[in-house]
K.L.:
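Shown below is the structure under consideration.
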Amino acid sequence: MAKNDARRACPCCSGKPYTECCGPLHAGVGRAATAEQLMRSRFSAFAVGDAAYLLRSWHSTTRPARLSLDDGTNWTRLEILGAKDGGPFHSAGTVEFRAYYRERGGAAAEQSMHENSSFAREDGAWVYVSAV
């Protein structure tokens, strides 16, 4: 991220600057405390094009060998619809969300994807398992 972007709002829609929200998680400084925080950081990773973070935060049993992100997709915002378990004292949880995006060079209308994702702790860290 460029120096002048340091105060840019985090793509996860938390209202915090990226450098104080998902940025440190992407950089490997700290871990997500909840499944929702991990979900937010993964959305932000899609938005900023951080495939390495996405792979690191994916459960070892469901993680693909490699991941190519689509440069034609511009992830615009995230809406958390609900969460079950996934707190600091849980070992698993789910997060339901709607992720909004625009296709570059395509229709100008914003589109969305709805998913309920499963998360678990692996080696003490929250990781994405799969869609439920």
K.L.:
Report all side-chain donor-acceptor pairs from residues 124-132 shorter than 3.5 Å, counting only partners two or more places apart or in another chain.
P.N.:
residue : atom : partner : partner atom : Å
W126    : NE1  : A33     : O            : 3.2
Y128    : OH   : E115    : OE2          : 3.4
Y128    : OH   : A131    : N            : 3.2

K.L.:
Under the salt bridge (Lys or Arg N to Asp or Glu O under 4.0 Å) definition, can you give me all pairs with a residue in residues 35-55, not counting sequence neighbours?
P.N.:
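For residues 35-55: E36-R40.
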
K.L.:
Find out whether E110 and R77 are in side-chain contact, i.e. whether some heavy atom of one side chain is under 4.5 Å from a heavy atom of the other.
P.N.:
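Touching, per the 4.5 Å side-chain cut-off.
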
K.L.:
V29 and L55: same hydrophobic cluster, using ILVMFWY side-chain contacts below 4.5 Å?
P.N.:
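Looking at the clustering, L55 is in a separate group from V29.
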
K.L.:
Evaluate the side-chain contact (heavy atoms from CB on, under 4.5 Å) criterion for residues F119 and T94: first the C-alpha distance (whole Å), next the side-chain angles of each, then the deciding distance (0.1 Å), finally the verdict.
P.N.:
CA-CA 6 Å; F119 297 87; T94 59; 5.9 Å; no

K.L.:
Could you verify whether a donor N or O on one side chain and an acceptor N or O on the other, from E79 and Y100, lie under 3.5 Å apart?
P.N.:
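Short answer, yes.
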
K.L.:
Flag yes if M113 and L69 sit in one hydrophobic cluster, no otherwise; membership is Ile, Leu, Val, Met, Phe, Trp, Tyr, and two members link when side-chain heavy atoms are under 4.5 Å apart.
P.N.:
yes

K.L.:
With a 3.5 Å distance limit and no angle check, can you tell me whether S44 reaches the backbone of C12 through a side-chain donor-acceptor pair?
P.N.:
yes

K.L.:
Quick check, are the ring centers of H26 and Y18 under 6.0 angstrom apart?
P.N.:
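Here the rings of Y18 and H26 have centres that are less than 6.0 Å from each other.
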
K.L.:
Provide the closest heavy-atom pair for K16 versus C21 in the form atom of the first, atom of the second, distance.
P.N.:
CB-CB, 4.0 Å

K.L.:
Measure the CH2-OH distance between W58 and Y53 for me, rounded to the nearest 0.5 Å.
P.N.:
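If I round to the nearest 0.5 Å, the distance is 13.0 Å.
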
K.L.:
Do H114 and E96 come close enough that some side-chain heavy atom pair is under 4.5 Å?
P.N.:
yes

K.L.:
When rounded to the nearest 0.5 angstrom, what is the spacing between OG in S41 and CZ in F46?
P.N.:
11.0 Å

K.L.:
By side-chain hydrogen bond (donor to acceptor under 3.5 Å, both in side chains), which residues pair with S68, not counting sequence neighbours?
P.N.:
none

K.L.:
Return the CZ to CG distance between R102 and N74, rounded to the nearest 0.5 Å.
P.N.:
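If we round to the nearest 0.5 Å, R102:CZ and N74:CG are 8.0 Å apart.
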
K.L.:
Answer whether the closest heavy-atom distance between the side chains of P11 and V48 falls below 4.5 Å.
P.N.:
yes

K.L.:
Quick one: NE2 on H90 to OG1 on T34, what's the gap to the nearest 0.5 Å?
P.N.:
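Spacing of NE2 (H90) from OG1 (T34) equals 11.0 Å.
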
K.L.:
Output the distance between atom CG (L54) and atom CZ (R63), rounded to the nearest 0.5 Å.
P.N.:
11.5 Å

K.L.:
With a 4.5 Å cut-off on side-chain heavy atoms, are M39 and I80 touching?
P.N.:
yes

K.L.:
Mind telling me whether Y101 and W75 have parallel, tilted or perpendicular rings, with 30° and 60° as the class edges?
P.N.:
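Ring orientation of W75 relative to Y101: tilted.
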
K.L.:
If you round to the nearest 0.5 Å, how far is CG of D70 from CD of E103?
P.N.:
6.0 Å

